[in-house]
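What follows is one structure encoded as structure tokens, with my remarks underneath.
None of the values given here were measured: they were computed from a predicted structure. So you know, we letter chains A, B, ... as the sequences are listed, proteins then strands, and number each from 1. The basis for the numbers below is simple: all heavy atoms, side chains too, and nothing from hydrogens, waters or symmetry mates.
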Amino acid sequence: MLPHKKIELKLQAAVRELLPDADVSAVLVRPCDPKFGDYQSNALMALAKARKLDPRQLAADVVARLDVSGVCDPVTIAGAGFLNFRLIPALLRQTLEAAARGEHLFFDLAANPKTVVIDFSSPNVAKPMHVGHIRSTGIGDALQRVLRLLGHRVISDNHIGDWGTQFGKLLLGWKQLLDRPALERDAIAELERLYKVINAECDAHPARLEAAKAELVLLQAGDADNVAIWREMIALSQKQFDAIYGRLGVSFDVALGESFYNPCLGGVVADLLARGIARESEGAVGVFSDGSLPPREDPFLVNRDGEWLPDPALVRKSDGGFKYTTTDLATVDYRLKTWSPRDIVYVVDDRQSGHFKKLFLIVDRWQPAAAKNTRLVHVGFGKILGDDGKPFKTRSGDTVKLGDLLDEAEARAFVIVSEKSSDMPEAQRREIARVIGLGAVKYADLLPNRQSDYIFSWDKMLALQGNTAPYLQYAYARIQSIFRKSESSSSLVTRHSSLALAAPEEFALAKHLLNFGLTLEAVAGEYRPNFLCNYLYDLAGKFTSFYECCPVLKAETDATRDSRLALCALTARVLKQGLAVLGIEVVEQM
RNA sequence: GCGCGCGUAGCUCAAUUGGAUAGAGCGUCGGUCUCCGAAGCCGAAGGUUGUGGGUUCAACUCCCGCCGCGCGCACCA
């Protein structure tokens with residue numbers, strides 16, 4: 001068990017002894033400014049406030065019952081009631097040596113693993129994946145990797161858009177305008193062309209729209225020809241998806257698209273009607289406010305001219321068709337029944353927050369028992385903007401295709417790598433450029449607080465200075481360079497090393513290594529990968545400071561050399577593992 | 001109009017249950033390679049966290065007003 005966890009357990013025990021009925025789940029420690037110690041807890045101040053106790057007195061009473069011998073120096077109370085903990089050097093050393101022996105990598109597996117369904121990426125059939133899919137795909141993939149590393153059970157699900165009204169137009173286009181050779185050259189481009197042409201025609205001519213609707217009705221009725229074409233469009237799209245996911249290294253446990261739930265939709269609406277959750281209105285069926293929330297907080301109400309009017313979530317259109325709310329409800333139902341998850345996480349654009357707010361409230365009403373055990377979470381994110389502050393587009397104003405974006409990332413990285421390492425064989429430079437280019441794009445997307453928009457900048461994401469993937473990859477490559485120059489491999493060195501920390505830079509690096517697990521838990525708890533980005537950037541910074549000040553191979557004594565080699569190896573392992581759960585690879589040289 | 005979100009250094013972004021002196025990078029200025037990768041490192045300058053109130057021992061964080069920007073507002077997803 002890592003030191004910070006030991007402290008937390010002892011602290012919680014002391015609080016429970018003093019206040020037997022207190023909820024100690026929030027009694028935690030966090031890393032703090034070194035001048036105060038290694039960890040601090042401010043939890044007692046909140047506890048004191050809630051119970052109207054004197055915070056300093058509570059802190060003193062807790063500390064009197066707190067036994068952290070063997071873990072920390074005597075605990076000090078500061079300010080309004082902070083507890084400051086300073087690790088004893090022996091425990092720091094032991095923790096690092098155990099890690100060097102491969103017994104852990106500064107994180108503990110979850111004591112209570114949870115089952116989490118993560119819904120992300122969700123591309124549409126017959127459309128190219130574009131820049132808009134990076135965020136959902138990258139954040140979702142990072143989350144599934146972090147949760148798995150911590151020992152949780154994850155079901156990642158790609159909810160592909162393979163059903164809906166757009167197929168009426170696509171079928172009409174396929175039957176009347178399909179250019180077979182073009183389809184074979186670039187299936188997605190041809191499907192996109194068909195859709196655009198028919199869509200424009202439908203806007204102009206009601207008859208065309210009727211024809212498209214007729215094709216849709218046939219498809220929904222199971223017409224053999226239309227179903228066959230629809231299946232072919234899905235297969236062609238899947239090839240595109242597979243190619244992109246292959247490049248990105250992203251995989252899913254299941255990919256249950258919208259069509260999978262099609263047979264359930266009628267039943268969902270019937271059930272909602274039967275339970276009085278939904279009702280008919282103007283020929284459609286919708287879920288209306290149940291009045292349980294104040295109007296201002298009720299998403300099923302909208303204010304017009306000072307009057308609160310219904311703003312229902314429709315589950316069936318007046319023409320009998322279903323809406324995506326209906327599909328989403330069927331999907332929740334399936335997930336609850338199939339996996340009984342603790343969380344269902346939707347990694348979807350923040351612009352859909354209103355939809356999810358309604359969806360989650362409907363689930364609460366529809367399946368109150370299951371909803372009590374499952375938390376539905378909308379992990380939203382902001383937009384990607386161009387340097388003009390408007391949504392990121394190509395020069396000609398089109399959406400940026402994901403494949404093109406990845407190509408450009410690799411091409412730009414190749415130019416840089418070739419410039420810096422001109423003596424390397426081209427094949428090696430290509431491979432390095434692939435890792436750096438893809439890593440740069442992914443990292444730039446994971447770094448900002450996910451709720452905010454960010455401005456896409458090739459120069460910034462590919463720079464070696466600042467908080468970028470190449471900077472982290474460079475730190476890793478430098479460490480590997482040390483091991484190439486040393487006699488021993490990193491695993492051999494570390495396995496037999498004992499740590500002897502002396503310089504402040506060594507302590508700072510060593511202590512930061514200990515916080516890896518804490519950071520992973522924060523990522524998993526709040527669904528925010530950027531915490532890990534910032535941790536890794538700090539780690540690389542602390543490593544380079546150490547590297548500048550503390551000669552490794554030229555250390556004064558063998559003991560110091562071995563100790564520093566061990567620190568290097570541990571740093572490399574954490575960097576590699578940390579980047580790996582962000583979906584980013586490393587290279588030995590760059 | 002109503003709702004949701006955002007507003008932090010010149011620029012791009014951080015800031016983990018409200019916590020201790022709001023941090024980075026770019027840009028600017030100044031140091032640093034006969035020494036393990038200088039694609040690096042060290043330092044300086046740069047802030048009334050949009051604005052006005054409130055709650056608190058403590059507010060970028062919570063509450064209210066205002067200003068500015070973005071997004072969403074039944075029968076697309």
First and last nucleotide of RNA chain B, 5' to 3', lying under 4.0 Å from heavy atoms of chain A
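Using the under 4.0 Å cut-off, the span is B:rG1 to B:rA77.
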If the [atom1] atom of [N] is compared with that of [M], how far apart are they to the nearest Å?
| N | M | atom1 | result |
| --- | --- | --- | --- |
| B:rG53 | B:rU49 | P | 13 Å |
| B:rA14 | B:rU8 | P | 11 Å |
| B:rG5 | B:rA9 | C1' | 24 Å |
| B:rU16 | B:rC57 | P | 22 Å |
| B:rG1 | B:rA20 | C1' | 45 Å |
| B:rA74 | B:rC62 | P | 29 Å |
| B:rU21 | B:rG47 | C1' | 13 Å |
| B:rA59 | B:rA15 | C1' | 13 Å |

Where does B:rC6 land, syn or anti, once you apply the within-90°-of-0 test for syn?
anti
Minimum-distance pair of heavy atoms, taken over all atoms of [X] and [Y]:
| X | Y | value |
| --- | --- | --- |
| A:Ala278 | A:Leu273 | O-CD2, 3.5 Å |
| A:Phe381 | A:Val348 | CE2-C, 3.4 Å |
| A:Tyr476 | A:Leu575 | N-CD1, 4.0 Å |

Within this structure, what is the OG-NZ distance for the pair A:Ser353 and A:Lys358, rounded to the nearest 0.5 Å?
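These two atoms lie 11.0 Å from each other.
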For salt bridge (charged side-chain N to carboxylate O under 4.0 Å, His left out), just list the numbers for A:Lys383 and A:Asp349, CA-CA rounded to whole Å, side-chain angles, deciding distance to a tenth of an Å, and then say yes or no.
CA-CA 8 Å; A:Lys383 296 183 292 295; A:Asp349 193 320; over 6 Å; no
Can you check side-chain contact (heavy atoms from CB on, under 4.5 Å) on A:Val285 and A:Arg279, steps first, answer last?
CA-CA 5 Å; A:Val285 176; A:Arg279 62 177 161 83; over 6 Å; no
Hey, does the side chain of A:Glu258 reach the backbone of A:Phe260 with a donor-acceptor pair shorter than 3.5 angstrom?
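No; judged by distance alone, with no hydrogens or angles, the pair does not exist.
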Any side-chain to backbone donor/acceptor pair from A:His378 onto A:Gln352? Under 3.5 Å, distance only.
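No, the answer is negative, given that no donor and acceptor are paired below the 3.5 Å cut-off.
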Please tabulate, one pair per line, all N/O donor-acceptor pairs under 3.5 Å involving side-chain atoms of residues 30-38 of chain A, not counting sequence neighbours.
{"from": "A:Asp33", "atom 1": "OD1", "to": "A:Lys35", "atom 2": "N", "distance (Å)": "3.0"}
{"from": "A:Asp38", "atom 1": "OD1", "to": "A:Lys511", "atom 2": "NZ", "distance (Å)": "2.9"}
{"from": "A:Asp38", "atom 1": "OD2", "to": "A:Leu87", "atom 2": "N", "distance (Å)": "2.8"}

Looking only at the aromatic ring of each residue, does the gap between the centers of [Y] and [X] stay below 6.0 angstrom?
| X | Y | value |
| --- | --- | --- |
| A:Tyr261 | A:His159 | yes |
| A:Phe360 | A:Tyr346 | yes |
| A:Phe392 | A:Phe456 | yes |

What does A:Leu314 touch in the nucleic acid at a heavy-atom separation under 4.0 angstrom: a base, only the sugar-phosphate, or nothing?
base
Using a 4.0 Å heavy-atom cut-off, does A:Tyr547 contact any base of the nucleic acid, only the sugar-phosphate backbone, or nothing at all?
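Result for A:Tyr547 = base.
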Yes or no on side-chain hydrogen bond (donor to acceptor under 3.5 Å, both in side chains) for A:Ser457 and A:Asp459, after CA distance, side-chain angles and deciding distance?
CA-CA 5 Å; A:Ser457 163; A:Asp459 291 341; 5.4 Å; no
Any carboxylate oxygen within less than 4.0 angstrom of a Lys/Arg side-chain nitrogen, looking at A:Glu8 and A:Lys5?
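No, this pair does not count.
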In [range], which residues come under 4.0 Å of RNA chain B by heavy atom?
| range | value |
| --- | --- |
| residues 459-468 of chain A | A:Lys460, A:Leu464, A:Gln465, A:Gly466 |
| residues 28-35 of chain A | A:Arg30, A:Lys35 |
| residues 38-49 of chain A | A:Gln40, A:Asn42, A:Met45, A:Lys49 |

Between A:Asn449 and A:Arg478, the residue closer to the 5' end of RNA chain B by nearest nucleotide is A:Asn449
Position toward the 5' end of RNA chain B (nearest nucleotide), A:Leu553 or A:Asn530
A:Asn530
Using both pair distances under 3.5 Å as the test, note the stems of at least 3 consecutive Watson-Crick or G-U pairs that include RNA chain B.
B:1-7 with B:67-73, B:10-13 with B:23-26, B:28-32 with B:40-44, B:50-54 with B:62-66
Hey, can you tell me if A:His4 and A:Tyr39 have their rings parallel, tilted or perpendicular (30° and 60° cut-offs)?
tilted
